[in-house]
Amino acid sequence: MIFIPFIYFTLFTFFLWKKHERLDVCIYMSGLYLFSAFCAIILYFGDMLGEGGILFDNTDVELGIIPTILFCGLLSLSIMPFSMIYGKDLKRITPAMPFVLETVTYILIGVSILNLYLVADSTMDILQGDLEAVRSAHYQGLMTPAQIKAETMPSVFKYLYYLNTSTILCLPIFFYTICFEKKAWWYKALVFFASLSIPIAGIQAADRTEFILYAMMFLFCIIFFGGFLSKALKRAISFISIAFASLFIVYLAAVSEARFSERDGGASTSALQYAGQGYLNFCYFWEKGKFEYITAEREFPLVYHTLFKIDTDDIRRGERSGEQGFFISVFATFIGDIMLDISPIGMIIWVLCYFFLCMIAIKSPHRKEMNIGEVIAVFVLSVVPIFGIFYYRYFSYTYTLMLFFTILLYLLSQYKIKI
């Protein structure tokens, strides 16, 4: 059974490749799950189960046919809408409500500058200190230096800082700007800087997740906008990518070494366990999950935060782990998280709703033109299967604010509203 996801996603990726005849975003998504399935095989036969976030141990592995079919089928259903986007056919991305787009962009630039102010005087100390202690403090719920500093600010700035998770929107806006807009170099530089705000903030907790998410979505943008990049832009982006990738790799290696150097196999084994545990943990959730504990706080985070004062944090995850009888804060792909929240039936319904939402946003195959509002919507939707190789990303109510920005830009791009 362990071979089925690898064989399936190999065939699925090959099918998409033959259909598109070039690297497109759907092939990128499918390739991620192909890689993860391959890592799962290595873990299974390498006796690396039972640690590093993998719930099955080497003596008790239950990989049923039903969860395997659901795993492959629902992930494919989530990727299929993006197969309607053909990079070779897309010829133009048009502006939509430039005033609104610029206003949102300047707000996000302002938030990124605020973030820089909060982290500026502590980041170097954190990087030069004990990263394992920093991460442990985060898991214990202790405030970071930036959070402590934020408490001294006027309330308006504290509320504005909730938008920091929305700065990832500056990534597609940056690529759109350099490809289609004649803006000053300083404006483009500020947009790019704003897109880095979440990874910069992640250093405060010795976090690797934000860097990995950023890198994965940066690659998405390169694939999506690749046909519009001139040779000069490709050279510049290659130089920037190499420079930042080098810094990212050094940082990720330092954090991984600090956290996992004392484990058997060290940081390299832990990285392999992180990459390959999705299918294994999904099957574990299927076999061991207690689905009478229905809670949709990760699916409707703002509702639960506002009405029930419930947030997905370490305390809440501990409570839910106690209900389930196992540690739930592991990687089971985004469909695994949703299954544990709202049951297998709820998971199927959720994926169907997501499928139709993507179809509405993308509209039709072989489109020759899209507007920037639609591109941002596709970008935000694509985070689900791309980063969903690990877990469901939009679990925090602050991400709902980003979704509001996206819905605003999308609706204004579809309906000509004069402002």
Side-chain angles (χ1 to χ4, degrees), residues 87 90-120 123 156-157 160-161 163-201 210-211 213-215 217-248 369-380 401-402 404-406 408-413 416-419:
L90 189 60
K91 304 300 181 185
R92 179 173 170 78
I93 297 176
T94 59
M97 302 302 296
F99 172 76
V100 177
L101 180 64
E102 285 196 6
T103 301
V104 170
T105 303
Y106 276 118
I107 291 173
L108 297 178
I109 289 172
V111 172
S112 69
I113 293 173
L114 174 62
N115 178 65
L116 180 63
Y117 163 75
L118 292 175
V119 306
T123 297
V156 63
F157 291 109
L160 185 64
Y161 192 61
L163 298 178
N164 196 45
T165 51
S166 302
T167 54
I168 191 67
L169 294 179
C170 286
L171 195 51
I173 294 173
F174 167 73
F175 275 88
Y176 166 75
T177 302
I178 63 175
C179 290
F180 297 101
E181 294 287 331
K182 295 181 179 179
K183 297 288 187 180
W185 67 267
W186 57 265
Y187 177 84
K188 297 175 183 177
L190 282 175
V191 176
F192 180 68
F193 168 75
S195 74
L196 289 164
S197 189
I198 301 179
I200 291 173
E210 303 300 350
F211 284 85
L213 169 65
Y214 185 89
M217 298 315 298
F218 187 86
L219 184 54
F220 168 88
C221 287
I222 289 178
I223 295 171
F224 187 91
F225 288 92
F228 305 115
L229 295 171
S230 65
K231 290 183 178 179
L233 282 174
K234 287 180 180 178
R235 285 194 297 268
I237 289 176
S238 296
F239 176 78
I240 293 173
S241 299
I242 292 172
F244 276 91
S246 300
L247 294 174
F248 284 4
E369 182 178 294
M370 298 178 73
N371 63 57
I372 184 57
E374 292 171 329
V375 170
I376 291 175
V378 168
F379 175 87
V380 168
L401 303 177
M402 183 182 75
F404 286 157
F405 273 137
T406 303
L408 171 67
L409 292 171
Y410 178 79
L411 291 178
L412 291 178
S413 74
K416 306 302 181 182
I417 301 174
K418 293 184 178 181
I419 298 182

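None of the values given here were measured: they were computed from a predicted structure.
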Of all the heavy-atom pairs spanning I198 and N164, show the shortest one and how long it is. CG1-O, 3.3 Å
Indicate the ring-plane relationship of F174 and F192, choosing parallel, tilted or perpendicular according to the 30° and 60° boundaries. tilted
If you take all heavy atoms of P199 and F211, which pair is closest and at what distance? O-CE1, 3.3 Å
Quick check for you: to the nearest 0.5 Å, what is the distance between I113 atom CD1 and L118 atom CG? 12.5 Å
CZ/F180: more than 12 non-hydrogen atoms of other groups inside 6.0 Å: yes
Could you tell me the separation between the CD atom of E369 and the OG1 atom of T94, rounded to the nearest 0.5 Å? 4.5 Å
Give me the atom names and distance for the closest heavy-atom approach of N115 to A201. OD1-CB, 3.4 Å
Just how far is it from atom CD1 of I107 to atom OG of S112, taken to the nearest 0.5 Å? 12.0 Å
State the SG-CD1 distance between C221 and I173, to the nearest 0.5 angstrom. 10.5 Å
CG on L108 to CG on L114, rounded to 0.5 Å: 12.0 Å
Nearest heavy-atom contact between N371 and P95 is CB-O, 4.5 Å
Let's go through F218 and F175 carefully: what are the C-alpha distance in whole Å and the side-chain angles of both, what is the deciding distance for ring-ring contact (aromatic ring centres under 6.0 Å, His included) to 0.1 Å, and is it a yes or a no? CA-CA 10 Å; F218 187 86; F175 275 88; 5.5 Å; yes
With sequence neighbours left out, write down each residue that passes side chain to side chain contact (heavy atoms under 4.5 Å, CB included) with Y187, or none if nothing qualifies. E102, T105, Y106, T177, K183, V191
Rounded at 0.5 Å granularity, tell me how far CZ in F193 sits from SG in C170. 10.5 Å
Of all heavy-atom pairs between L229 and K234, which one has the smallest distance, and what is that distance? O-CE, 3.3 Å
Do F404 and L408 have side chains that approach each other closer than 4.5 Å (heavy atoms only, starting at C-beta)? no
Backbone of A194 reached by a side-chain donor or acceptor of S197 within 3.5 Å: no
Determine yes or no for a side-chain-to-main-chain donor-acceptor pair under 3.5 angstrom, with T167 supplying the side chain and L163 the backbone. no
Looking only at heavy atoms, the pair that brings F379 and M217 closest together is CE1-CE, 3.6 Å
Quick one: sort the F225 and F228 rings into parallel, tilted or perpendicular, breaks at 30° and 60°. perpendicular
Is there side-chain contact between I376 and Y410, with at least one heavy-atom pair below 4.5 Å? no
What orientation do F220 and F224 show, parallel under 30°, tilted 30 to 60°, or perpendicular over 60°? parallel
List the steps, then state whether side chain to side chain contact (heavy atoms under 4.5 Å, CB included) holds for I372 with L409. CA-CA 8 Å; I372 184 57; L409 292 171; over 6 Å; no
Begin with the C-alpha distance, continue with both residues' side-chain angles, and end with the deciding distance and a verdict on side chain to side chain contact (heavy atoms under 4.5 Å, CB included) for L401 and F405. CA-CA 7 Å; L401 303 177; F405 273 137; 5.8 Å; no
